[in-house]
Amino acid sequence: MTFLYYLFIVIHVIVCLFLIAVILLQQGKSADLAGAFGGQGSQTAFGPRSAANLLTRTTTWAAVIFMVTSLGLVVLMQKHAGSGHSVLEGTQTTQSAPAKK
């Protein structure tokens with residue numbers, strides 16, 4: 001069980017770093033020469049409608065893997081911690097009395 005948990009953490013961290021790199025490598029919406037001067041140039045009113053290139057597909061798949069590993073880590077943590085445990089289980093409570101006037 002702990003091996004699977006640590007495997008998910010390693011995969012999750014690798015996917016996070018890969019997702020950051022892929023997002024930073026992508027071109028912006030107005031990355032052509034006309035966009036540098038504030039004009040729209042040859043773009044349409046709603047931006048260019050080109051087919052998804054390799055970076056956008058890679059970003060999509062990395063985001064899907066990120067979400068799956070996030071949900072997997074939550075499930076593994078719930079099984080590891082047990083369903084009857086609480087975050088405040090080990091804390092001591094004190095009874096407070098109302099302030100006297």
Are [X] and [Y] connected in the hydrophobic side-chain network, where two residues link if heavy atoms are under 4.5 Å apart?
X: V15; Y: L7; result: yes
X: L73; Y: Y6; result: yes
X: L4; Y: I9; result: yes
X: M77; Y: F8; result: yes
X: L24; Y: F18; result: no

So how far is it from [X] [atom1] to [Y] [atom2], rounded to the nearest 0.5 Å?
X: M67; Y: T69; atom1: CE; atom2: OG1; answer: 10.0 Å
X: T56; Y: N53; atom1: OG1; atom2: CG; answer: 4.5 Å
X: Q26; Y: T59; atom1: CD; atom2: OG1; answer: 3.5 Å
X: T60; Y: I65; atom1: OG1; atom2: CD1; answer: 11.0 Å
X: L19; Y: T58; atom1: CG; atom2: OG1; answer: 10.5 Å
X: L17; Y: I14; atom1: CG; atom2: CD1; answer: 8.0 Å

Original post:
Going through the distances and angles, do V75 and L71 end up as a side chain to side chain contact (heavy atoms under 4.5 Å, CB included)?
Top reply: CA-CA 6 Å; V75 169; L71 291 173; 5.6 Å; no

